[in-house]
Amino acid sequence: MKTELLSDNWYTLNKITFDYQKEDGSWETQVREAYDRGNGAAILLYNKNKGNVVLTRQFRMPTYINGNEDGMMIEVCAGLLDGDHPEECIKKEVEEETGYLVDNVKKIFQIYMSPGSVTEILYLFVAKYEDKMKVSEGGGAEEESENIEVLELSFERALKMIKSGEIKDAKTIILLQYAALEGLLN
Ligand SMILES: Nc1nc2c(ncn2[C@@H]2O[C@H](COP(=O)(O)OP(=O)(O)O[C@H]3O[C@H](CO)[C@@H](O)[C@H](O)[C@@H]3O)[C@@H](O)[C@H]2O)c(=O)[nH]1
Ligand SMILES: [Mg+2]
């Protein structure tokens, strides 16, 4: 296996040349590019009594250059691990992006979001939130100019927004559907 670095500007893009053994036992040489931006964590914050969930809204350039008219995406709170343990990372990220200080986060599963091109493992969590856990405005890291808007909306409305296409982010859809399947807000 040979790995060649194609780009390491913000994250890393590698070109990997390797031998792959086919079903019939014969070998062929394949070349694949893999974008490594580290691993990440994402979380659905929900409040059963209020029937609400907390989501975020932010500009995502890669979507803007591929059909998302204003580039805005409604997503669950999420961030890159930057070397942290997934659970530590997501708690920090929740405070930074949404302003809530959550304690008990529950890991539900870990997934590859785009296995043909991106190396990233995404750790998925859910957690209960209450109004009294709100300690700051949120909005994301100032120095990273994240400009994140915090949205608190009904779970019912969020599920409708998947059908209408207003929510089109995979991790967000997976977490909302998980909550529906498990009856987290029932
Ligand atoms: N300057 C610069 N900044 C970048 C670049 N790429 C990303 N950033 C910035 O780096 C910050 C990363 O913020 P996090 O909150 O840690 O990560 P995230 O982008 O929200 O990541 C989450 O969403 C991704 C997309 O769905 C997921 O891939 C990831 O796992 C996580 O869930 C963001 O402010 C983002 O704009 C780049 O090429 N250049
Ligand atoms: Mg983020």
Side-chain angles (χ1 to χ4, degrees), residues 5-15 32-46 53-102 105-127 129 133-153 158-159 161-162 165-179:
L5 182 67
L6 298 182
S7 168
D8 67 347
N9 183 50
W10 185 259
Y11 301 121
T12 312
L13 180 64
N14 280 306
K15 175 177 161 185
R32 293 290 180 274
E33 290 183 10
Y35 190 47
D36 184 350
R37 55 195 308 280
N39 295 327
I43 191 164
L44 179 70
L45 299 177
Y46 68 97
V53 294
V54 171
L55 301 176
T56 66
R57 190 164 175 273
Q58 64 193 295
F59 179 73
R60 293 294 200 182
M61 177 51 87
T63 72
Y64 182 69
I65 59 169
N66 193 23
N68 187 21
E69 217 158 85
D70 63 0
M72 300 305 286
M73 290 290 283
I74 296 173
E75 304 176 23
V76 288
C77 165
L80 299 168
L81 298 191
D82 296 326
D84 281 347
H85 187 270
E87 190 172 319
E88 289 320 305
C89 161
I90 202 61
K91 285 183 186 168
K92 257 196 242 172
E93 212 63 46
V94 168
E95 190 180 351
E96 206 172 274
E97 292 190 355
T98 72
Y100 286 92
L101 203 58
V102 290
V105 299
K106 180 182 170 200
K107 185 189 157 194
I108 57 165
F109 28 67
Q110 61 191 68
I111 60 177
Y112 289 100
M113 287 297 290
S114 209
S117 54
V118 180
T119 62
E120 177 177 32
I121 293 172
L122 189 64
Y123 297 85
L124 297 184
F125 293 86
V126 294
Y129 77 93
M133 295 174 179
K134 182 95 175 166
V135 295
S136 66
E137 278 293 298
E142 200 59 58
E143 66 276 15
E144 290 170 17
S145 50
E146 286 195 300
N147 303 311
I148 294 170
E149 188 188 334
V150 186
L151 310 174
E152 183 180 20
L153 69 173
L159 289 175
M161 288 166 91
I162 298 176
E166 288 161 277
I167 291 179
K168 45 188 172 282
D169 172 59
K171 60 182 178 292
T172 307
I173 295 174
I174 292 168
L175 280 165
L176 288 168
Q177 291 185 342
Y178 171 86

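Each ligand, and each atom within it, is numbered from 1 in the order the structure gives.
- Without hydrogens or angle criteria, Gln58 side chain to Ile148 main chain gives no donor-acceptor distance under 3.5 Å.
- Listed by number with element, the atoms of ligand 1 under 4.0 Å from a non-hydrogen atom of Tyr11 are 6 (N), 7 (C).
- Per-residue contacts place Gly40 under 4.0 angstrom from the following atoms of ligand 1 (heavy atoms of the residue considered): 30 (O).
- Residue-ligand proximity: Met61 is placed with every non-hydrogen atom at 4.0 Å or more from ligand 1.
- Side-chain atoms of Asp36 never come within 3.5 Å of backbone atoms of Thr12 as a donor-acceptor pair (strictly under, hydrogens ignored).
- Within 4.0 Å of atom 6 (N) of ligand 1, at least one protein heavy atom is present.
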Derivation of the side-chain contact (heavy atoms from CB on, under 4.5 Å) call for Met113 and Val118: CA-CA 8 Å; Met113 287 297 290; Val118 180; over 6 Å; no
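- Screening Leu175, Ile108, Val105 for a side-chain contact (heavy atoms from CB on, under 4.5 Å) with Ile43, the sole residue that qualifies is Val105.
- Residue contacts with ligand 1 include Arg37, since one or more of its heavy atoms lies under 4.0 Å from the ligand.
- Side-chain contact between Leu55 and Ile167: present, with at least one pair of heavy atoms (C-beta onward) separated by less than 4.5 Å.
- Both the backbone and the side chain of Leu80 come within contact range of ligand 1, each with a heavy atom under 4.0 Å.
- Using 4.0 Å as the threshold, Arg60 has a heavy atom nearer than that to some atom of ligand 1.
- Protein heavy atom at the shortest distance from atom 21 (O) of ligand 1 is Gly79 CA, 4.0 Å.
- Asn66 CG: 12 or fewer foreign heavy atoms inside a 6.0 Å radius.
- Rounded to the nearest 0.5 Å, atoms CD (Glu75) and CZ (Arg60) are 4.0 Å apart.
- Here's the thing with Trp10: one of its N/O atoms is less than 3.5 angstrom from an N/O atom of ligand 1.
- Listed for the Asp84 side chain is no donor-acceptor partner under 3.5 Å among the backbone atoms of Pro86.
- Residues Tyr11 and Glu120 have side chains that never bring a donor and an acceptor to within less than 3.5 angstrom of each other.
- Checking only distances, Glu97 does come within under 3.5 Å of ligand 1, N or O to N or O.
- Checked by distance only, ligand 1 and Gln58 stay at 3.5 Å or farther apart across all their nitrogen or oxygen atoms.
- Scanning all protein heavy atoms for the shortest distance to atom 11 (C) of ligand 1 gives Glu144 OE1, 3.5 Å.
- In this structure, atom 35 (C) of ligand 1 is not in close contact with the protein, since no protein heavy atom lies within 4.0 Å of it.
- Every atom of ligand 1 with a heavy atom of Lys171 under 4.0 Å away is listed here by number and element: 23 (O), 25 (C), 26 (O), 32 (O).
- Within the 2.8 Å limit, Gly79 places no N, O or S atom next to the Mg ion (ligand 2).
- In this structure, atom 29 (C) of ligand 1 lies nearest to the protein heavy atom Glu120 OE2, 3.0 Å.
- Restricting Glu97 to its N, O or S atoms, the one at the least distance from the Mg ion (ligand 2) is OE2.
- Lys107 and Glu87 are not joined by a salt bridge, as no carboxylate oxygen comes within less than 4.0 angstrom of a charged side-chain nitrogen.
- For the pair Ala78 and ligand 1, the shortest N or O to N or O distance falls below 3.5 Å.
- In terms of modelled atom types and a separation under 3.5 Å, the side chain of Lys134 and the main chain of Thr98 share a donor-acceptor contact.
- Ranking the protein heavy atoms by distance from atom 33 (C) of ligand 1 puts Glu146 OE2, 3.4 Å first.
- Shown in contact with Leu122 at under 4.0 Å from a heavy atom are these atoms of ligand 1, numbered in order with element: 30 (O), 32 (O).
- Proximity of Glu152 to Tyr100: side-chain heavy atoms (C-beta onward) are separated by under 4.5 Å at one or more points.
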